[in-house]
Amino acid sequence: MEISVKINGEEHRQEVEPRTLLVHFLRDQIGLTGTNIGCDTSSCGACTVHVNGESVKSCTMFAVQADGEEVLTIEGLASNGELHPMQEAFRQCHALQCGYCTPGMVMASVSLIQENPNPTEAEVREGLEGNLCRCTGYHNIVKAVMEVAK
Amino acid sequence: MIPAAFEYIRADSADAALAALAEHGDEAKLLAGGHSLIPLMRFRLARPEVIVDVGRVDDLKYINDAGDHLAIGALTRHSDVETSDLVKAEAPLLSAATSYVGDPQVRHRGTIGGSVAHGDPASDIPSVLLAFRATLIAQGPGGTREIPVDDFFQGFLETDLAPDEILTEIRLPKAAGAGWSFQKFNRRAQDWAIVGVSALVQNGTAGIGLVNMDSTPVRAAAAEAAVASGASPAEAAESAAIGCEPTSDLNASVEYRQHLARVLTRRALEEATA
Amino acid sequence: MSIMGTRVLRKEDPKFLTEGATYTADVRDPRLEGAAHVHFVRSTFAHAKITSIDISDAASMPGVLGICTADDIPEDVGTVPAAVPLFPPSMMNRPLLATGTARFVGEPVVAVVAETPTQAADAADMVFVDYEPLPVAIDIEDANADNNIIFDDVGTNTAVDFAMMGMATGIGEEDIFADCDVVVKQRIINHKTAPAPLEGRSVACVWEGEKLIIWLSSQAPHGFKGALPGVYEGIDCQVICPDVGGGFGQKIGGTPEELIMPHLSRVYNRPMRWTETRTENFIGIGHGRAQVQYATIGGSSDGEIQSYRLEVIGDSGAYCGLGAFLPFFTHIMAAGVYKIPKIETAAKSVVTNTAPVLAYRGAGRPEATAAIERAIDIFAAECGLSAVEVRRKNLIPADAFPYTTPHGTEYDSGAYETSLDKALEAADYQALLAEQAARRERGDRIQLGIGVSVYVEITGGPAPGGAEFARVHITPEGKAQIFSGAFSHGQSHATTFAMVAADQLGMSIDDIEVVQGDTDKVPEGTGTFASRSLQFGGSAVYDSSREVANQAREIAAKLLEADAEDVVLDTSTGAFHVQGTPAVSKSWADVAAAAANDGVTLQHEGSHNANCSYPFGAHVVVAEVDTETGEVTVPKIVTCDDSGTILNPNIIEGQRHGGIAQGIAQALTEEFVYDEDGNPVTSNFADYGFISAAELPSFTLVPLETPTPNNPLGAKGIGESGAIGSTPALQSAVVNALSHLGIRHIDIPLSPERVWSAISDS
């Protein structure tokens with residue numbers, strides 16, 4: 001069926017198979033490969049994007065469910081060449097290594113801070129429970145999110 | 001993994017969803033937030049021929065003060081339940097338990113009705129409904145009916161809902177002044193509970209719902225009876241696992257689950273009565 | 001001021017943070033236009049004869065281009081090249097698709113090729129394989145007993161006995177414990193753990209005439225290029241590794257799914273792609289650790305250790321890859337940080353009907369540390385002494401280096417007691433002891449345990465070390481390009497190797513490009529594993545940078561009309577001038593332009609050979625144990641890890657953080673489990689206890705720098721340290737929390753039920 005999705009501010013009208021997951025739509029049909037796929041159980045959060053301003057796992061949503069909605073991916077987070085404060089904090093805090101979890105981790109962190117602007121460290125850790133990272137031990141990711149919250 | 005192919009029907013109203021179910025019967029599955037169904041479909045453990053997407057049935061997204069009870073539309077998202085001031089005031093146990101469901105992303109999509117209708121014994125929310133002695137409202141071709149929560153969960157992933165019915169509303173008796181506690185025991189924050197306990201205590205009676213202690217969400221009936229007869233939390237909790245038939249799995253043996261049910265029920269009752 | 005040792009931000013990050021890195025599945029090269037997709041049908045039996053494969057329904061599915069079984073693979077396509085040629089041929093020469101017999105659940109049996117991934121998956125559903133189940137060997141010790149044989153032609157499940165190869169000491173005639181007052185023995189499980197990089201395997205390939213171009217997610221592009229001719233004799237190929245989403249040991253060699261891709265691409269005459277799912281990564285490629293150990297330790301009752309014996313049975317999984325070799329590393333590092341007069345080791349590897357065991361962060365060395373550290377704790381308990389004091393009493397002293405263990409391992413440098421002291425101090429050990437005593441006194445439900453481990457490991461090993469390639473090239477604009485045979489898949493070489501060159505060339509790191517991961521651009525290389533990159537690859541960059549600077553001085557001398565011997569390169573400014581007269585100088589741009597003008601290429605390349613190095617450190621982990629439920633939480637982790645000279649503290653700390661988390665995860669939540677029939681039961685992130693931020697505290701890192709004399713940078717490897725010290729420290733902490741109940745050992749992972757059972761049984 002045909003769907004229309006606003007992605008990073010731009011309207012996209014495309015034909016999709018109903019079983020196409022949102023993450024496959026973004027990667028394979030729109031060509032936005034920043035969003036990664038890390039698992040098949042909604043566990044790892046590598047595919048996290050925002051739908052209507054809130055973090056969701058784009059591997060656990062069909063593209064048809066996003067029809068008429070607004071999607072924001074890592075590619076749309078910086079504006080006018082300026083890194084989003086969360087991107088900048090990740091850079092300053094060395095909160096990424098291989099980079100695979102990073103787009104999802106950043107999008108989840110942005111959503112977390114929007115909903116809880118002054119979290120405790122424990123709240124940040126709980127808030128990122130659905131985003132797995134194998135490289136950083138989370139130490140610098142938590143630090144980056146706390147920096148933004150400051 | 002990629003799900004098997006299906007026909008997609010978007011229902012704009014409960015009536016439209018019912019019509020689609022009536023037409024396709026057993027071959028159709030309702031899709032709400034999708035966080036129970038889509039993972040199963042990705043492994044092709046579920047291969048519905050027809051998906052009826054009720055995600056846009058806005059009429060079923062609400063949290064209302066209905067006098068003596070809260071009425072929550074089945075398609076209300078976990079995140080909306082979790083942050084609702086009304087829920088925090090009148091049913092803080094539900095608010096607290098919801099904050100433990102999945103992770104933030106899951107709660108942004110998953111719905112209370114989807115979670116309950118899936119009938120998963122490992123799910124947190126059914127235990128809350130048991131503790132509240134909630135009433136569930138189902139709509140079918142013949143109209144609506146009320147289902148007491150104790151009649152709702154019929155077997156493993158089986159509920160009292162007929163194939164042509166949909167869950168529309170969950171009613172929780174108001175419990176603003178009641179003592180409450182939610183205890184979830186798991187290894188990782190995002191995991192399902194190994195065992196969980198919801199407790200609601202008021203006027204000397206307790207509602208105690210258990211997570212993952214049987215093939216369906218179950219009530220700790222013996223412990224509830226003990227509380228009613230004046231037992232202390234510690235005494236009552238000794239009977240928490242009576243009548244339960246939990247399974248043994250990677251995370252816990254039957255014996256350990258029974259032990260956890262007793263320990264967590266005691267903690268829950270202590271906290272609820274503190 | 002030198003850039004060395006400073007907190008330079010990564011050059012990789014702006015792209016990774018704004019558009020995402022380019023992983024293999026993201027590659028949109030025009031040569032891959034119209035690629036077909038592969039989906040593997042995998043064995044659902046741990047051990048079975050494949051009696052028939054029915055592809056008729058699948059072959060007629062929409063979009064299907066073809067279906068390949070073992071029978072369809074021509075004879076000129078070989079088997080998986082052996083990682084280490086030490087084992088019986090049938091155990092080692094794994095077929096690309098299961099041939100006649102399937103030996104583990106997840107082994108690829110059929111490759112389905114279709115126009116789209118979805119069509120390939122749909123068709124794979126319609127392939128029907130008939131199996132005739134065979135008896136299985138799943139448990140290591142059961143396999144070792146040869147109750148069921150996996151390779152009939154070998155006649156035993158033992159793949160190698162290292163003592164018989166001279167690669168372990170063996171158990172001698174003389175009883176090394178005869179003179180000991182106190183002797184204790186412990187069976188220790190070091191369970192299967194999944195490397196689980198967030199990016200799984202992914203391949204894209206295309207034939208351009210007779211040349212194969214293959215993109216893949218690997219730690220060692222040149223290693224893969226080296227493996228390909230073992231399958232395709234005489235193959236001409238270019239291996240390109242774009243960004244790689246972590247490896248942790250899992251992506252060192254070529255696996256069957258990767259190695260069959262060139263064949264499929266050739267047969268179906270199409271560019272070909274395959275990207276695995278998480279479940280395939282869990283069940284298909286293999287796991288790390290997987291040893292059963294028997295540690296025997298003896299000494300005097302005042303805590304002096306006299307003798308230590310470590311017997312290891314390593315699980316190879318169904319085929320002998322790198323994992324089958326790893327018990328040898330456990331042997332090498334058996335003595336740990338202790339001066340023990342008598343050491344005996346026995347080590348063997350056995351095959352089981354599970355996925356092949358592979359390297360995982362530490363690969364054989366964490367297992368050695370885990371064994372000796374457990375043994376020390378138990379020995380101290382038997383003696384009634386503090387485990388910290390027993391450690392201190394037996395540590396190899398700082399003035400003993402280089403130190404050779406009785407079984408022949410030569411440690412380069414160390415300050416073991418310093419690391420222990422620093423870690424204990426930072427953890428406020430005395431206060432922790434007081435808190436523990438108070439909780440015991442009160443009979444608190446939540447008891448506190450303090451775990452300590454002191455470790456040493458070998459990096460870049462085994463001895464005598466290894467080599468890595470680098471070329472440093474100056475562009476006509478006066479900028480530098482580094483072509484490295486090491487390959488970053490998260491380790492930050494674009495930043496750190498640029499720093500090494502910047503320091504020697506006096507350039508900004510912004511003017512230095514690091515080229516890696518393309519075998520056509522980088523003529524040779526080894527790859528990144530075993531914590532080897534900086535010490536070998538970085539040293540090669542260092543060597544070639546210095547040589548290029550010398551070449552440039554010659555050109556500069558001409559421009560300055562001076563003798564080359566009198567010209568210096570000021571590495572703080574990148575200016576060439578005559579010694580003593582800095583006012584007149586030539587820049588890299590001047591020199592490069594002059595060189596270009598003269599037709600001179602400013603370039604040097606070479607391999608740096610170095611002996612391996614032996615990083616060490618001490619970890620202090622605090623555990624809280626709920627004595628009612630057995631639940632373990634970890635409020636505090638302090639580590640003092642010494643990896644020699646520190647190049648970039650950010651990167652070093654990041655490596656430590658990641659290692660610590662993985663080590664804690666092994667002790668606490670992560671275990672890859674097979675049931676008794678060989679069915680994997682933790683084959684996704686919902687069931688496998690991959691640790692999250694919510695289960696971990698922030699870490700306290702104490703710096704310590706003891707340079708190695710073995711390379712010009714003084715750098716030891718840091719990639720694996722965190723994972724080596726933290727696992728036994730947490731295990732020790734949990735046992736320590738319960739020691740007043742008489743508990744001396746609990747195997748990892750420390751699941752709540754396991755801990756609760758130990759408490760209940762005490």
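Numbered from 1 within each chain, the chains take letters A, B, ... in sequence-line order.
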With a 4.5 angstrom heavy-atom cut-off, which part of [X] approaches chain B: side chain, backbone, both or neither?
X       : result
A686(C) : backbone
T633(C) : neither
T279(C) : side chain
V681(C) : both
D675(C) : neither
E695(C) : side chain
T277(C) : side chain

Would you indicate whether K29(B), at its atom NZ, is surrounded by more than 12 heavy atoms from other residues, nucleotides or ligands within a distance under 6.0 Å? no

What part of [X] gets within 4.5 angstrom of chain C, counting heavy atoms only: side chain, backbone, both, or neither?
X       : answer
R257(B) : neither
N186(B) : backbone
R262(B) : neither
D249(B) : neither
R42(B)  : neither

Do the ring planes of F40(C) and W274(C) sit parallel (below 30°), tilted (30 to 60°) or perpendicular (above 60°)? perpendicular

Quick one: sort the Y256(B) and F185(B) rings into parallel, tilted or perpendicular, breaks at 30° and 60°. perpendicular

Taking [X] first and then [Y], would you say they form a salt bridge - that is, a charged N and a carboxylate O separated by under 4.0 Å?
X       : Y       : value
E671(C) : K192(C) : no
K184(B) : D191(B) : no
E257(C) : R201(C) : yes
E628(C) : R267(B) : yes
E624(C) : R439(C) : yes

Tell me, out of [options], who's got the most heavy-atom pairs with chain B below 4.5 Å.
options                            : result
V673(C), D125(C), I691(C), T682(C) : D125(C)
A693(C), A694(C), S751(C), S692(C) : S751(C)
R445(C), E280(C), H39(C)           : R445(C)

Is it the case that the ring center of F282(C) lies less than 6.0 angstrom away from the ring center of F685(C)? yes

Do H259(B) and W756(C) make the cut of ring centroids closer than 6.0 angstrom? yes

